[in-house]
Amino acid sequence: MARPMILRYGTSGFVWLLCCALGGCHSVRFGGILDRTSQQAPRLTRARLGRTTDVARESSVRQVAAQVAQNGDASVVGKQEEGAGVVFINLPAALQRAGLANATVAFADELVRQRQAEELQARALLFPNVNVGANVRSHRGTYLRARGNLLDADIQSTYAGLGAGARGAGPLAVPGVLLVSHLADAVYAPRAARQKVAESRSDANATRQYTLLEVGVAYLALAEAQARLTAYEQSRREFGEIERLTTNFVKPGQGRDADAKRAISEALLLQGQAQQAREALGVAAADLARLLDLDPSEPLRAADGTPPILELVNRAVPLPTLLDQAFAAHPEIAARTAEVAFQQTRLRQERVRPFLPLIAIGFSAGDYAGSGDNTISRPGDYLGRTDLDVVAVWSLQNLGAGNLSVQRVADANLQMARLSLTRTFERVRQEVAQAHALVAARRQELVLARRRIELSRRAYEEDLVRVKNNQGRPLEVLASARQLAEGRQSLVRAMIGYSQAQLQLFTALGNTP
């Protein structure tokens, strides 16, 4: 028996075919493919939160964490709410949790992995398929010859090696090494796939930014509701003291009963406002728990004793400089720029398609044996066989009208991508300008609120001392207490408003909280 042909010709033929197919292709880099496919996307994990104020470690990625300040007025809030089953969380822990357990962020990361897989597929367009197989053929009876004659024949054949479906002198039905690809796709598809990966990665960064911004705003809303409730409780204690003083003045006849009723009414009004703040606290906790994928049945509370005041962007930086920073770093602008580059590649691909061929290369090598009426060979007498078929076809779709229509569609997609980039620039410019104006306005509100509460507290303390020393009527301190209560609420709103404006400006500049 002859030496198997697959050992004599298979290896050299396969290497020769690969060299022909890949010798001029510079878009295929084996190292790049292995490196990109080995990257692991972040997993969706459930971080465990402790039940104390020290909930999570500081995250170096979360730049907001280092900016949490505790410089609010001491009279605004008191001790943290305590109770069984209450979960405390701070802003860095909330941002870290959202980066791991938020479904929207995880979905965007998985889309990046999908684009990377598509890039690998595009880069492998000039990689051939390898088929190894065998076939057995037996024919008994008449068949039609090429000249139209009927011939009664008894034929048996076997084949084993690269490919299968050997039949006479024709090519194998399934070549051992098969490469079929349009050169326009092989040249431009890997480049377009890389641009889609860049687009999806920038979109994922933008999704992460806006999700973390939403989490930060939700946390500040929780801190605001918690501080407002605490401020109402503190004001209720002060109004309770005024009610006691007013009632004591009525008993000996030094005051009017109407004054006592007015003090009671003010205390009841504060009680109703405190109830509304308690309701807002529950809603804010449920909203933050939804964003963090936490159990909403467990009460969630902010760990900050006072509403945090964030200083993320230097207020001295002028608006034009901030706009330049946003245009250079914003991920949505990068995503839309990558989309424009992708559409440009697709347009060039369709324009050169009619001038580049569809190539098909088939190579087979194996051992072939057979017998028939006019031969003396036997099915066990194997001889070597190799087949090489190369085909190149140039096509004009619908006499060129089909190619022209596809090119016009690609050009329209390119123009829409450019318009989308322009709209993104305009929206980022608007977000930065609005957030910059909000930071300046909320800063002034914060300064005025601190000055107001300082004066209101002094007035209340002075009026309270006068009443206790029988130098005035209890009703006089009621107006000062009302102003102090309103000042506390204004200060809480100003502190939270300023932090939210800073967070919005920080995100609008293209930074990730």
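Keep in mind that this is a model prediction, so the values were computed, not measured. Positions are given from 1 along the sequence.
For the pair Ser202 (side chain) and Ala198 (backbone), a donor-acceptor distance under 3.5 Å is present. Between the side chain of Glu298 and the main chain of Val87, no donor-acceptor pair closer than 3.5 Å is present. Listed for the Asn398 side chain is no donor-acceptor partner under 3.5 Å among the backbone atoms of Ala401. Counting only distance, with no hydrogens or angles, the side chain of Thr512 and the backbone of Gln209 share no donor-acceptor pair below 3.5 Å. The backbone N or O of Ala303 sits nowhere less than 3.5 Å from a side-chain atom of Asn90 that would complete a donor-acceptor pair. One N or O on the side chain of Ser499 and one on the backbone of Leu310 form a donor-acceptor pair closer than 3.5 Å.
To the nearest 0.5 Å, atoms CD (Gln114) and CD (Glu118) are separated by 5.0 Å. Atom CD of Glu332 is separated from atom CD of Glu199 by 11.5 Å, given to the nearest 0.5 angstrom. Residue Arg346 holds its CZ atom at 8.5 Å from CG of Asn413, rounded to the nearest 0.5 Å. Asp203 contributes atom CG, which lies 8.5 Å from atom NZ of Lys196 (distance to the nearest 0.5 angstrom). To the nearest 0.5 Å, the span separating CG on Leu312 from CG on Asn314 amounts to 11.5 Å. Here CG of Leu183 is found 8.5 Å from CH2 of Trp394. Values are rounded to the nearest 0.5 Å.
Seen from the ring of Phe88, Arg301 does not count as a face-on cation partner, given the 6.0 Å and 45° thresholds. A cation-pi geometry, defined here as NZ or CZ lying under 6.0 Å from the six-membered ring centre and within 45° of its normal, does not hold between Arg442 and Tyr498.
Closest approach of Gly384 to Asp367, counting heavy atoms only: CA-OD1, 4.3 Å. Of all the heavy atoms in Ala94 and Leu292, the pair that sits closest is O-CD2, 3.3 Å. Tyr368 approaches Ala166 most closely through the heavy-atom pair CE1-CB, 3.9 Å. Minimum interatomic distance between Ala122 and Ala193 (heavy atoms only, all atoms of both residues): CB-CB, 3.9 Å. What you find for Tyr219 and Ile89 is that their closest heavy atoms are CE1-O, 3.3 Å. Closest non-hydrogen pair, Thr207 versus Thr211, comes out as O-OG1, 2.7 Å.
Residues Asn403 and Glu350 have side chains not in contact (no heavy-atom distance under 4.5 Å, counting atoms from C-beta outward). You'll find the side chain of Phe327 reaches within 4.5 Å of the side chain of Arg429, heavy atoms only. Using a 4.5 Å cut-off on side-chain heavy atoms (C-beta onward), Asp293 and Asn102 make no contact. In this structure the side chain of Val428 reaches within 4.5 angstrom of the side chain of Thr424, judged on heavy atoms. You'll find the side chain of Arg315 stays beyond 4.5 Å of the side chain of His436, heavy atoms only. Two residues are said to be in side-chain contact when any heavy atoms from C-beta on lie closer than 4.5 Å; Ile361 and Asp389 fail this criterion. Looking at Arg97 and Leu294, their side chains come closer than 4.5 Å, going by heavy atoms from C-beta outward. Between Leu503 and Leu213, some side-chain heavy-atom pair lies under the 4.5 Å cut-off.
A salt bridge does not link Arg423 with Glu426: every distance from a Lys NZ or Arg NE/NH1/NH2 to an Asp or Glu carboxylate oxygen is 4.0 Å or more. Between Arg385 and Asp387 there is a salt bridge, since a side-chain N of the basic residue sits under 4.0 Å from a carboxylate O of the acidic one. The pair Arg443-Glu311 meets the salt-bridge criterion, since a charged nitrogen lies less than 4.0 angstrom from a carboxylate oxygen. A salt bridge does not link Asp411 with Arg408: none of the charged nitrogens is closer than 4.0 Å to a carboxylate oxygen. A salt bridge is defined here as a Lys NZ or Arg NE, NH1 or NH2 lying under 4.0 Å from an Asp or Glu carboxylate O, and Arg290 with Glu214 meets this definition.
Counted within 6.0 Å of CZ on Arg137, heavy atoms from surrounding residues, nucleotides or ligands total more than 12; the atom is thus considered enclosed. Counting non-hydrogen atoms of neighbouring residues, nucleotides and ligands closer than 6.0 angstrom, the CZ atom of Arg427 exceeds 12 such neighbours. Atom CZ of Arg351 is surrounded by 12 or fewer heavy atoms from other residues, nucleotides or ligands within 6.0 Å. More than 12 heavy atoms of other residues, nucleotides or ligands shown are found within 6.0 angstrom of CD on Gln415.
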I'd like to know whether Gln195 forms a side chain to side chain donor-acceptor pair (under 3.5 Å) with Thr345, so could you lay out the CA-CA distance, the side-chain angles of the two residues, the decisive distance to 0.1 Å, and finally the verdict. CA-CA 9 Å; Gln195 292 159 351; Thr345 302; 2.9 Å; yes
The test is side-chain contact (heavy atoms from CB on, under 4.5 Å); show your working for Leu322 and Leu509 and say whether it passes. CA-CA 7 Å; Leu322 295 179; Leu509 294 177; 3.8 Å; yes
Working note: Asp109 + Arg208, criterion side-chain contact (heavy atoms from CB on, under 4.5 Å); need CA distance, chi angles, decisive distance, verdict. CA-CA 9 Å; Asp109 292 336; Arg208 183 180 299 274; 2.9 Å; yes
Going through the checks in order, is the side-chain contact (heavy atoms from CB on, under 4.5 Å) test met by Leu162 and Val130? CA-CA 8 Å; Leu162 284 176; Val130 179; 4.3 Å; yes
Can Thr337 and Leu421 be said to form a side-chain contact (heavy atoms from CB on, under 4.5 Å), step by step? CA-CA 7 Å; Thr337 302; Leu421 176 60; 3.6 Å; yes
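Aromatic ring pairs are classed by plane angle as parallel below 30°, tilted from 30° to 60° and perpendicular above 60°; the pair Tyr210 and His330 is tilted.
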